[in-house]
Every structure is written in C-alpha cells, then in structure tokens.
Amino acid sequence: MSAIAALTIFIVAFIFIASEKVNKVKVVLIAAGLMAVTRLIPGSHVFFSEHEGIDWNVIFLLFGMMIIVGVVKQTGLFDYLGIWAAKRSRGRPYRLMVLLMAITAIASPILDNVTIIMLVVPVTIVVCNRLQIAAQPYIIAEVLASNIGGAATLIGDPPNMIIASRANLNFDDFLIHMTPIVVIVFVVFVILTRFLFRKSFEYNPDQVSAVMTLQEKRAITDVSLLIRCLVVLAAVIIAFCLHTILHVEPSVVALVGAGVMVLVSGIDVEEVLDEVEWETLVFFMGLFIMVAGLGHTGVIAKIGTWAVDTIGQHYFGAATTLLFGSAALGAFFDNIPYAATMAPIVESLAEQIHDDQATQGLWWAFALGADFGGNGTAIAASANVVALGLAARGGHKITFWQFTRYGIPVTILSVFIAWGYVYLRYFM
Amino acid sequence: MKAIDIAKPIPSITTGDSVTAAIHQMTDANLPGVVVVDDEGRPLTVIPGTQVLKMAVLNAYHDDPALVRTIDEESADVFAHDCNARAVGECLPDKIAKAATARSDATLLEVATIMLRGRSPLVAVVDKDKKLVGAVTLTALLGTMAPDTQPA
C-alpha cells in the first residue's frame, strides 16, 4: 500500500514537472512534504541517510561549484575569448562557429553548462549583430557543444554528479571512461556542423571591420584577479583528480575551493552568494526526498529485481536499453529529475549483477544516454532553455522546432557512437 | 492635500506603441517614467525611467559589464537598439508589475507609500472609474515636503 502511495505521489509530481505548467520547485517541495508527512520516508532518513535521503554530496558539490563559477565569470575571461574568436575568424562563418564551439566545449567540463551559455551567448549576439548575420545557428551549436563537453567530467553535467554519488565513481573514473568518447563525439560533431548548418552560413566581408573595432582587452580589468581565480580553479581540478590519494569527497573539495576563491578574489560574500542558484539546490533536495520515498517503500528494489529477471544474462541488451532509453526520455524531460530517478534503479540492478565489467558498462551507458539526451530537444536540458530565452530577448528568437531540428540528428549520431564505444569497451 | 492637487496631466501610451514613443513621452513631458494604459484608458502598468532605458539597451549587455567594456566609443555613443521596431508590449516581462496607482482623493502619505512599495518615481492617479487622470512625480511629492526639510 505504501509503495502504491509513494509511486502515485511521484508520478503525479513528475507529470507536473514535465508539463512545465507549474513551478517545478513548488512541485517537488509539495511532493517531498507529502512523502515525509505520510511517513513514506522517515524524517531521520531525509536528512541523515546517504542513500535514502538528500544526497548532500551532490548539493554541496553544486553549491561549491556555483560559487567558484560565480567568481570566475566576473573576470571577463569569456567575453575576451568570444571576441578574440570572432576577430580570429574574420567573420568567416564556419571558422567562427568552430572557435565558439571549442571555447564552449572546453569550458563546459569544468564549469556548468548554464553558466557557460549565459557567458557565451551574449557575446555571440553582439558579434552576430555587428556582422549583420543571424545568431541562431551559432547559439544552437554552442548549446549542443556545451552538452557534449559537459558529459566529459563528474562536474560537467548535473546527471554526472548524481550518477557519481550513487555509483561511487570519482573524478578520474569520468576522465578515463567518459572523456575519450566525448572527445570523439565532439570532433565528429564539429565536422557535422559544416553540413548541418551549411544553409545558414552567411558571410558579410563588409561588416568584418565592425567586429575588429571591438576591444577584447578591455573585458579583463583585473589581470591579477583572473590569474588568482585560474590558479584556484586549477587547484580544485587537481584535488578532484587526486581523490584516490587524498580521499576527500568532491563536495568537500568544491566547498574548500569556493572558500579559497572568495578569499583570494576579495569579492563581497553577499555578492558571491547572489550567484548561487538557490532554486536549483532546493529543487535537487526535493527531488532526492521524492526518490528516497520510492526507495524506502521498496518500489526501486522491485523495479531492479524485475529488470534483472527481464534481462537475464543479456547485459549488453540492458546497457543498450539504458543508453537509448535514457537519451530518448532525457530528450523530452529535464535530464536531472530523470537521472535522479533512474540512478537508484540502475544501482539496484548493478547490485544484482556479479560482473564488474558489465556493471561498469551499465553505469557509463546510463551516463552517456542521460547526458547526450540533453541535446535532443529545446527543453531537454536547462542550458537549452536558458539559451532560447537569451536568444529571444536578444532579438534572435529560436523556436522549439528550430532547435530540435538540429538537436535530434546530433543526439542520434552521438548516441550511436556511444553505443559502439560501450560495446567495444565493456562487452566485447 | 490630495493626490489630485499635486498631479499633473500626462499623455499615456499603450502596449502597441514603440519604445521610441515611450522615450519621447518621457523626455518631452520631463517625466521620470511612463504610464501604460489599456484600450479604455485604465493604467496597466507604470514603467520607471530606468526600465524604459533597459528597453532601449540590447539585452545581451544587461548583465555583462565586461562585454559592455569591449564596445568602442563610437558604437557606444549610439547604444539605443531597435527602438522604433519594438513595441513596449514586446519588451515588458511576462509578469507585468501591477500599476502604481492612487485614487484622486488619496492622501500624500498614501501616494508616498505606493511609490515606495512599487519602487516607482511616478504614480498614476485614477478617477472612480479607474481611468487615468494624471500622475504624481517623485519631484512633485518631494516638493511638498521641502518647506519642512529646509535647514533652519
């Protein structure tokens, strides 16, 4: 009975989240409250159980990284790089697109995708206005590049943080297993854009001088601040990589990094805290409680057992289903709640499989599907939604279908490449 | 003293008017904002001058001071963006702030608190049918305080 109640609350809440008609934070808070009040998840578990409650590792990792990013973005580095790229390209469309995609894809494994998009899209709009060309192809390409690049590391995409915490995977695991395939997919994607956007490329040589008058050096007013921030950021990344030696959780590294960043930057704490997306953090907390309700009432274990019975020894079949299923579902729903819901199910499945290689294959197939699915439609990932909002307000409106027309082929291609990778690496 | 006693008649705009029209109305009548009315002349919202300015500046610059610094002086001098082509209604946020309005018989204290709550330097004054009859500006309201606030 309690399992049915938990599942009902969860499904109703998920429908509301997916419909985007109601504020998703309100939805998860009400659903989480209902789960706790009806004792479907005890209060003590909500706050103190690592696996059946709020995953504080993910919350504080996000919190720490939001502060770090909030300081880095004040340095003006991305405005400098964006304008530098525009000048280097001399207005040639494909060259401009590749440089902007490269900046986005290189930054997105380190900084979160939404922030990258918020930094790169305004520069893109200004550059395109100067060149008197449509900014839409460049913005869409940047979003797709950020979702691909973000898949490379533990901190690049929120689904990776959730998966890492559930599967006990560290930063190095992601570098070893995800980064190689992300590099391959990105290179293929860069080549694909040449054809994908060929009809949208405009070249106005007469307008190049308008771009050349932009003064990118003025974007960075405090070089010393920039250097200090980059040094702290590099130290944080190194500490993530040294997890197996230091045994310090990524959340702790991010929190310490955030503290040091605030200290060395000299920026007001209040100003830095304004950069924290509290709404996102509360959404994650509510989501974890909702999923914990499913776990505590045995719903997740039942689904896991059913999945094991169904797949039998066909582990590659299970990985294939996870990869394609996650990409398909992740394309139409926000991939964060999807990953939060599926992670304990995959964990339950993995616990019942006594084959390390196959277990690894399942986790990485899940991560690749959830991450690459974020490119499928205009609503699949937060970065996509933010980019469309910025583009519309900047006078370069991108419709749902305009984005999706490019998103779907890129998702299909990247998922097929990932499928081959999963097979060759874990099941051959 | 009542709101109507210090209100001055003002022209109004509709959501279909251009951003340029809103700017002209402010500068011509020396107003700190504009009142947007519906088809029946009832205030929909009051837009403070800084928000009208926001409509005129390319959105990409709003939250990116580093990007703004990269713009050369010649281009920065003509920063207004597409003001003729865009209607005021297009530039308003999805959730329009309730119009800062006061009845014509409202006291000055009422007008002052409406200004504070709405963070608006302009309060639309309406008649009993809620139609616009004028507006109280921040300067006019502060002017009524001047005799008391002057140093001895």
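To find a chain, count down the sequence lines: A is the first, B the second, and so on, and within it residues start at 1.
Annotation for B/Phe79: atom CZ does not count as buried by contact number, only 12 or fewer foreign heavy atoms lying within 6.0 Å. Atom NZ of A/Lys217 has 12 or fewer heavy atoms from other residues, nucleotides or ligands within 6.0 Å. The neighbour count for A/Tyr203 OH, taken as heavy atoms of other residues, nucleotides or ligands under 6.0 Å away, is above 12. Within 6.0 Å of atom CD in A/Gln215, more than 12 heavy atoms from other residues, nucleotides or ligands are found, so the atom counts as buried in its surroundings. The environment of CE in A/Met66 is crowded: more than 12 heavy-atom neighbours from other residues, nucleotides or ligands sit within 6.0 Å.
For A/Thr115, the side-chain hydrogen bond (donor to acceptor under 3.5 Å, both in side chains) criterion is met by A/Asp112, not counting sequence neighbours.
Listed for the B/Glu110 side chain is no donor-acceptor partner under 3.5 Å among the backbone atoms of B/Ala102. Using modelled atom types, no side-chain atom of A/Asn204 and backbone atom of A/Asp206 make a donor-acceptor pair closer than 3.5 Å. Between the A/Asn384 side chain and the A/Thr377 main chain, a donor and an acceptor come within less than 3.5 Å of each other.
For the atom pair OG of A/Ser146 and CD1 of A/Ile117, the computed distance is 4.0 Å after rounding to the nearest 0.5 Å. With rounding to the nearest 0.5 Å, the separation of CG in A/Leu226 from CG in A/Asp222 is 8.5 Å. Summarising the geometry, atom CG belonging to A/Leu273 is positioned 12.0 Å from atom CD1 belonging to A/Ile267; distances are rounded to the nearest 0.5 Å.
Side-chain atoms of A/Lys26 and A/Phe16, non-hydrogen and from C-beta on, never get closer than 4.5 Å to each other.
Interface residue B/Ile71: backbone and side-chain heavy atoms are both found under 4.5 Å from chain A. With a threshold of 4.5 angstrom between heavy atoms, A/Thr221 approaches chain B through its backbone and through its side chain. Of the atoms belonging to A/Ile83, it is side-chain heavy atoms, and not backbone ones, that fall under 4.5 Å from chain B.
Inspection of non-hydrogen atoms places B/Asn59, B/Ala60, B/Tyr61, B/Asp64, B/Ala66, B/Leu67 of residues 59-67 of chain B under 4.5 Å from chain A. Residues of residues 121-137 of chain B lying under 4.5 angstrom from chain A, judged on non-hydrogen atoms, do not exist. Contacts of residues 21-47 of chain B with chain A at a heavy-atom distance below 4.5 Å are absent; not one residue qualifies.
In this pair, A/Phe197 and A/Tyr406 present their aromatic rings parallel. The plane angle is below 30°, not in the 30 to 60° band.
Annotation: maximal heavy-atom pairing with chain B below 4.5 Å, among A/Thr75, A/Thr124, A/Ile220, A/Thr213, occurs at A/Thr213.
Taking all atoms of both residues into account, the shortest heavy-atom contact from A/Asn147 to A/Ala381 is OD1-CB, 4.0 Å.
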